[in-house]
Structure formats: C-alpha cells, structure tokens
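Keep in mind that this is a model prediction, so the values were computed, not measured.
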Amino acid sequence: EVQLQASGGGLVQVGGSLRLSCAASGFTFGGRAIGWYRQAPGKGREGVACFTENDGRTYYADSVKGRFTISSDNAKNMMYLQMDGLKPEDTAVYYCAADLVVTKSGTWYLRNGMDYWGKGTQVTVSS
C-alpha cells in the first residue's frame, strides 16, 4: 500500500524556519519526480517545490524561491522541505507527493491523480 506522511509543521514567527519531512512506504522515491504542495484556507492547491531524482534538478514556485529547499534521502526513503524566512502567506497545510510530471516550462503536476499523495502537516506563520 502506497503511503506518504508529512510531518514537522507547527507554529512559527515571521522570519523563522521549519523543516518538513515526508516518509514514504509501499514504494521508493528513487527515479521519480517528487515534491511538495500546499493549500491555504479558502485557496486552491499550489505546487511549492519539486525534485527530479533522475537528474537532481529542483523547481520552485516563484513565491518560495530563495527561501525553501527541497531534498531527499533515498536510503531512508524520505523527502524534506527546508523553509526559511517564513512569511504569513506561507501559512497552509503542506502535502508531499510523488510520481510527478515536470513540464518544459518548469511546472509540474500529478501523474496519477492522488495515488501518491500524503496526509498533510499544518504550518502557521504568525506576524
């Protein structure tokens, strides 16, 4: 059974940092495009960061470039999102996902719907 579980969220002040983790089971991250999404109250789902395992490339939403860093540890089958310089607009539930497709324009989408989609973790940035 494919499972992804995000953790590490919490309440942080503006300018602070958090590191989110994503544990996967039932499949491996190796060779896939993996990433993070978020959804703020009353807003749609937004792709935050993506990492392509086969070539090591990273992609970020403009809103988080220079502040967020995506990484993975294949040995542990874990994915991470280091978030620095947090802003109130970063407040959202963060989700990890795998088996993404990256377009030539550097955007990405889910290849198989919600098949590789995890439970989220709440991040709240207070001003």
Nearest 0.5 angstrom please: [X] [atom1] to [Y] [atom2], how far?
| X | Y | atom1 | atom2 | value |
| --- | --- | --- | --- | --- |
| R32 | R111 | CZ | CZ | 8.5 Å |
| Q3 | Q5 | CD | CD | 8.5 Å |
| F68 | T58 | CZ | OG1 | 14.0 Å |
| Y80 | I34 | OH | CD1 | 10.5 Å |
| L11 | Q122 | CG | CD | 9.5 Å |
| C22 | K119 | SG | NZ | 12.5 Å |

If Ile, Leu, Val, Met, Phe, Trp and Tyr residues are connected whenever their side-chain heavy atoms lie under 4.5 Å apart, and connections chain through other members, are [X] and [Y] in the same group?
| X | Y | value |
| --- | --- | --- |
| L18 | V125 | yes |
| V102 | I70 | no |
| V12 | L20 | yes |
| V14 | V64 | yes |
| M114 | V2 | no |

Distance-minimising heavy-atom pair for [X] and [Y]:
| X | Y | answer |
| --- | --- | --- |
| C50 | L100 | SG-CD1, 3.9 Å |
| S21 | M78 | CB-CE, 3.8 Å |
| S127 | P88 | CB-CG, 4.0 Å |
| M83 | V123 | CE-CG2, 3.8 Å |
| A97 | L110 | CB-CD2, 3.8 Å |
| W117 | R45 | CH2-CD, 3.1 Å |

Salt bridge present between K65 and D62 (N-O < 4.0 angstrom): yes

Any side-chain donor near an acceptor of the partner, E53 and S72, under 3.5 Å: yes

Steps toward side chain to side chain contact (heavy atoms under 4.5 Å, CB included) verdict (Y59, T52): CA-CA 9 Å; Y59 305 85; T52 49; 4.0 Å; yes

Q82 and S71: CA distance, side-chain angles, deciding distance, side chain to side chain contact (heavy atoms under 4.5 Å, CB included) verdict: CA-CA 8 Å; Q82 178 67 40; S71 63; over 6 Å; no

Ring geometry between W108 and Y37 (parallel below 30°, tilted from 30 to 60°, perpendicular above 60°): perpendicular

Parallel, tilted or perpendicular: rings of F27 and Y116 (30°, 60°): perpendicular

Criterion side chain to side chain contact (heavy atoms under 4.5 Å, CB included) on D115 and D99, from CA distance to verdict: CA-CA 9 Å; D115 286 356; D99 215 27; over 6 Å; no

Expected output: side-chain T121 to main-chain Y94 donor-acceptor under 3.5 Å: no

Exam field: side chain N77 to backbone A24, donor-acceptor pair closer than 3.5 Å: yes

Stepwise side chain to side chain contact (heavy atoms under 4.5 Å, CB included) check, F51 with M79: CA-CA 9 Å; F51 175 59; M79 173 170 51; 6.0 Å; no

Worked check of salt bridge (charged side-chain N to carboxylate O under 4.0 Å, His left out) between R38 and E46: CA-CA 5 Å; R38 66 186 180 186; E46 176 190 20; 2.8 Å; yes

Atom CD of Q13 with >12 non-hydrogen neighbours under 6.0 angstrom: no

